[in-house]
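What follows is a short report on a single structure.
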Amino acid sequence: MNAPVCIIGTGYVGMACALGLADLGWPVHGYDILPERIDRLRRGIPPYREPGITESLQKHLASGRIHFFDDIHAAAKDARIVIVAVGTPSRDDGSADLAPLKAAIEQLSSVEFAAWPTIVIRSTVPPGTSDKIADAIEHWADLIYAPEFLREGSAVRDFLNPDRIVVGCSDASAAVTYVNLLERLQKPVVFTSRCNAELIKGCSNAFLALKISFANEVANMCDTLGATSDDVLRGIGYDQRIGSEFLRPGIGFGGPCFEKDVKSMAHVAAQHGLGKELFAATLRVNSAQPMRILDILEHEMLSLSNATIGVWGLAFKAGTDDIRDSLALRIVDELGGRGARMVVFDPAVHVAPLPLGSRMVTSALEATDADALVVLTEWPEFARIDPLAYASNLRRRVVVDGRNVLDSSRVAAAGLTYRGVGRSMRGPVQHDPLAAAVEV
Ligand code: UDX
């Protein structure tokens, strides 16, 4: 019988590791400081929404491959490998709050392990963090930094199908024990130092975020020049050196990772007297983008005061019910500040903090009983709704598609004014673009 792998933290990352490792045939012990979460997990109720996760959890509980514990000693003592996947949220100055990680390591230090353990940190941390932890625990454990690249909504699938496995370590035998767990995946493994592994994680997310900000800048330029960002970005993305992933313009990136990780990289750069311009610009573009969507809506409506705005989507992206750092919420808040009331529908989010006078409804069409409609999450089901079904509901006949998910011609054919992101419907602007280029 193999020793169990212990997972500390049952959020997206911890659960993806737990279910993924169980799928690969390993016995898993899950632990969380939240006893009510453990209680639900034992009853087969996952802490978040993801296709297939409930079935997978219930299958592994029934076969006895996964057990959940509210006592860290019981969860960890027989494990040779302990994976730590706790949150590292942003502090006000952009630095990562490592308190939950330090608390988890502190708790582990009191466990009487049956054999010398290897601790694997999977939480995102600033460069240098895991070397410090390794020094502090070298008398009782080895330490590996193995970042995750999981996306919400497909975390278990991503765990089982990674582009690469990154292992930051100073001791080859500890690294091999960890990599053996994932051998069946047959993926390239990057063995490197812990600091390099931390930089790989932070810089990968910073680059993806930069790509989205770039796509948004290009789309805004298309809007002004009367061009179409769908074609422009498609043309750019075909270049294999660039690639088409993460080149979709919209309301900006949200969620618990990107903003936090870019801020953390900017903070690290500044701390070391290095330029943080690229990180800072990525964030600046991202926080301006929701305002742009609002300005487009306000331009079409002339005034938002006392207007009723139908909102499709609140989750930070499609496929999740997560509204953490969702720019959709920021837009809804700002609309409230400009005097509008919102009627909001999201297929997965049913409760959210909304401005006074605004409410959630239970169907997409109900949310079109409004003056105008804005689309704020890229749920594909929105595109499947025939615009003729809601055209006459919208009193001012305006649709602002902040995610470019709707078919612009079908919306326009239904007699509605359609505005997307970089999907100019106005034709070229009057000023001479060459003259502007010379000024640059
Ligand atoms: C991200 C990283 O992709 C993942 O590798 C890391 O481990 C955690 O952070 P996640 O936060 O789940 O994953 O979401 P992701 O799918 O990357 O999207 C992030 C945000 O960017 C969403 O708001 C999404 O709508 C937006 N986005 C994404 C765009 O606006 N355009 C794109 O082209 C892609």
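All values derive from a computational prediction rather than experimental measurement. As the structure lists them, so they are numbered: ligands from 1, and atoms in each ligand from 1. Both backbone and side-chain heavy atoms feed into the values below; hydrogens, waters and symmetry mates do not.
- Proximity of Leu247 to ligand 1, defined as any heavy-atom pair under 4.0 Å, is confined to the backbone N, CA, C and O atoms.
- Distances below 4.0 Å separate heavy atoms of Lys201 from the following atoms of ligand 1: 6 (C), 7 (O).
- Just one of Arg284, Arg330, Arg324 meets the salt bridge (Lys or Arg N to Asp or Glu O under 4.0 Å) condition when paired with Glu259; it is Arg330.
- Between Tyr12 and Tyr48, the two ring planes are tilted [angle within 30° to 60°].
- A salt bridge links Arg338 to Asp295: one of the charged nitrogens lies within less than 4.0 Å of a carboxylate oxygen.
- Less than 4.0 angstrom separates some heavy atom of Phe258 from each of these atoms of ligand 1: 1 (C), 2 (C), 3 (O), 9 (O), 17 (O), 19 (C).
- If you number the atoms of ligand 1 from 1 as listed, the ones under 4.0 Å from a heavy atom of Glu152 come out as 12 (O).
- On a distance-only criterion, Leu150 and ligand 1 share at least one N/O pair closer than 3.5 Å.
- Interface of Cys257 with ligand 1, defined as ligand atoms under 4.0 Å from a residue heavy atom, comprises 8 (C), 9 (O).
- Atoms of ligand 1 lying under 4.0 Å from at least one heavy atom of Glu378, given by number and element, are 24 (C), 25 (O).
- The salt bridge (Lys or Arg N to Asp or Glu O under 4.0 Å) test applied to Asp131 returns Arg194, not counting sequence neighbours.
- Neither the backbone nor the side chain of Lys211 comes within contact range of ligand 1; no heavy atom lies under 4.0 Å.
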Checklist entry - Would Val189 and Leu182 count as a side chain to side chain contact (heavy atoms under 4.5 Å, CB included) if you check the C-alpha gap in whole Å, the side-chain angles of each, and the deciding distance to 0.1 Å? => result CA-CA 10 Å; Val189 180; Leu182 307 172; over 6 Å; no
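- Heavy-atom proximity to Glu148, at under 4.0 Å, picks out these atoms of ligand 1: 7 (O).
- Residue contacts with ligand 1 include Gly254, since one or more of its heavy atoms lies under 4.0 Å from the ligand.
- Ranking protein heavy atoms by distance to atom 10 (P) of ligand 1, first place goes to Lys317 NZ, 3.8 Å.
- Counting only heavy atoms of the protein, atom 5 (O) of ligand 1 lies nearest to Phe149 O, 3.2 Å.
- The atoms of ligand 1 that sit less than 4.0 Å from any heavy atom of Arg403 are 25 (O), 30 (O).
- Atom 30 (O) of ligand 1 has as its closest protein heavy atom Ile212 CG2, 3.6 Å.
- Salt bridge Lys132/Glu198: absent, no basic N to carboxylate O contact under 4.0 Å.
- Taking atom 34 (C) of ligand 1 as the reference point, the nearest protein heavy-atom neighbour is Phe246 CD2, 3.5 Å.
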